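Each chain gets a letter, A, B and so on, in the order the sequences are listed, and its residues count up from 1. These numbers come from a predicted model, not from an experiment.
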There are 2 protein chains.
Amino acid sequence: MSDPACFAIGDLARQTGTKVNTIRFYEEIGLLPCPMRTASGRRTYNAADVRRLSFIRHGRSLGFSVDEIRSLLALSDQPERDCGEAAAIARQHLRDIEERIARLQTLRSALVGVAASCDGGRAADCRVIEAIAGVALPANA
Amino acid sequence: MSDPACFAIGDLARQTGTKVNTIRFYEEIGLLPCPMRTASGRRTYNAADVRRLSFIRHGRSLGFSVDEIRSLLALSDQPERDCGEAAAIARQHLRDIEERIARLQTLRSALVGVAASCDGGRAADCRVIEAIAGVALPANA
DNA sequence: GATACAATCTACAGTAGCTGTAGAAGCAAG
DNA sequence: CTTGCTTCTACAGCTACTGTAGATTGTATC
């Protein structure tokens with residue numbers, strides 16, 4: 001209502017860089033709890049929702065699936081539970097994360113090398129395609 | 001047919017780690033050319049298809065959209081064209097790639113730090129969630 | 001108080017990029 | 001010739017959103 005610590009869905013959207021529809025979607029699939037409503041039925045949020053949603057968005061952008069995020073959130077919702085489960089989820093990601101970093105770095109250096117030299121050349125001589133193909137097929141290099 | 005350099009969709013799938021349905025899907029959306037068919041209508045592929053599909057798969061796993069891959073492939077299909085376009089596509093990705101690397105590295109070191117200490121503890125003390133939340137909300141750290 | 005305009009509501013359709021399934025046909029081995 | 005795997009087409013389903021329609025509410029202005 002007029003509680004200063006209490007704000008609307010649009011504010012939550014702005015604070016977290018999330019679309020309003022996406023917030024409602026997360027509520028629907030149970031990532032966000034059903035919020036309090038005003039007398040007229042509008043959702044109201046607080047600082048805890050900002051943290052939770054930021055957690056979700058960053059998890060997503062780092063490649064965690066909604067289900068993995070769900071289990072991490074469930075864990076933090078029930079802090080008495082053993083956290084080996086969280087560590088297991090995290091470990092599953094570690095290898096994948098390291099591989100992604102390595103491949104992104106390979107691509108990055110290829111792109112950096114190309115950026116200066118490529119403009120105006122012919123595609124036949126273009127190293128971008130070569131670079132990605134090379135990342136794809138190191139055995140052919 | 002009995003051409004040794006010519007193989008079936010299942011072989012292409014195995015050689016590239018792609019699902020058969022996905023190969024047909026790429027053909028449908030124009031990423032892969034319509035292949036030759038045997039008399040009975042089965043698709044036949046060759047080494048060039050393996051390279052092209054590997055390029056596509058690696059591009060995808062590195063975060064390139066199908067449309068971006070399409071334009072890179074179009075470029076390599078018409079090597080006489082100017083490659084500034086390819087460089088532009090690449091440059092658009094460079095910034096994003098660097099940001100991803102940075103965030104993945106932040107998460108990586110958080111996960112590495114957690115891995116040894118976390119098992120058996122309580123979720124309340126678990127640093128995995130904290131770590132991801134931290135990556136999510138650096139301003140709160 | 002009337003009016004305009006933005007924000008919100010529900011409900012549902014559409015998108016990207018696959019993935020799975022059904023049912024028929026082809027092919028290779030025993 | 002039968003068993004069993006692969007392939008075929010066609011289409012439905014999935015994940016994670018994103019957009020749109022039409023109604024309602026809240027707010028600022030006259």
Winner on side-chain proximity to B:Ser65, out of D:dG26, C:dG17, D:dT18, is C:dG17
Can you tell me how far P of D:dT15 sits from CD1 of A:Ile56, to the nearest Å? 17 Å
A:Arg24, nearest nucleotide to its side chain (from C:dT8, D:dT18, D:dT7): C:dT8
Using side-chain heavy atoms (C-beta onward) and a distance below 4.5 Å, is B:Met36 in contact with B:Arg43? no
A:Asp67 CG to D:dC17 P: how many Å, rounded? 12 Å
For A:Ile69 and D:dC17, give me the distance from atom CD1 to atom P, rounded to whole Å. 8 Å
Selected nucleotide, minimal atom distance to A:Thr22 side chain, candidates C:dC27, D:dT18, D:dT7: D:dT18
Look at A:Ser40 and C:dC9 and indicate whether a side-chain polar atom (N or O) is within less than 4.0 Å of OP1 or OP2. no
Scan side-chain atoms only and decide if B:Arg57 and B:Tyr26 contain a donor-acceptor pair under the 3.5 Å cut-off. yes
Heavy atoms only, 4.0 Å cut-off, all strands: where does A:Arg60 land among base, sugar-phosphate and nothing? sugar-phosphate
Considering only D:dT9, C:dT10, C:dC18, which nucleotide approaches the side chain of B:Arg43 most closely? D:dT9
For the pair made of CZ in A:Phe25 and C1' in D:dG19, what is the distance, rounded to whole Å? 14 Å
Between the side-chain atoms of B:Arg42 and the base atoms of D:dT6, is any donor-acceptor pair under 3.5 Å? yes
For B:Ala13 against B:Lys19, the heavy-atom pair lying closest together: CB-C, 4.5 Å
When you check the side-chain N and O atoms of A:Tyr45 and A:Arg52, is any donor under 3.5 Å from an acceptor? no
As a test of reading the structure: which of D:dT7, D:dC17, D:dG19 is closest to the side chain of A:Val66, going by heavy atoms? D:dC17
Provide, to the nearest angstrom, the distance between the CZ atom belonging to B:Arg57 and the C1' atom belonging to C:dT19. 11 Å
Less than 4.0 angstrom between a side-chain N/O of B:Tyr26 and OP1 or OP2 of C:dC18, yes or no? yes
How long is the line joining CD of A:Glu28 and C1' of D:dT15, in whole Å? 13 Å
When the distance from CD of A:Glu27 to P of C:dA11 is rounded to whole Å, what number comes out? 12 Å
Where do A:Phe55 and A:Ile69 come nearest, in terms of heavy atoms and distance? CE2-CG2, 4.0 Å
What nucleotide, of C:dT19, D:dC8, D:dG19, holds the atom closest to the side chain of B:Ile9? D:dC8
Of C:dC18, D:dC8, D:dA16, the nucleotide closest to the side chain of B:Arg37 is D:dC8
Please tell me if A:Lys19 has a side-chain N or O lying less than 4.0 Å from either OP1 or OP2 of D:dG19. yes
Atom CG of B:Asn21 and atom P of D:dC14 are separated, to the nearest Å, by 16 Å
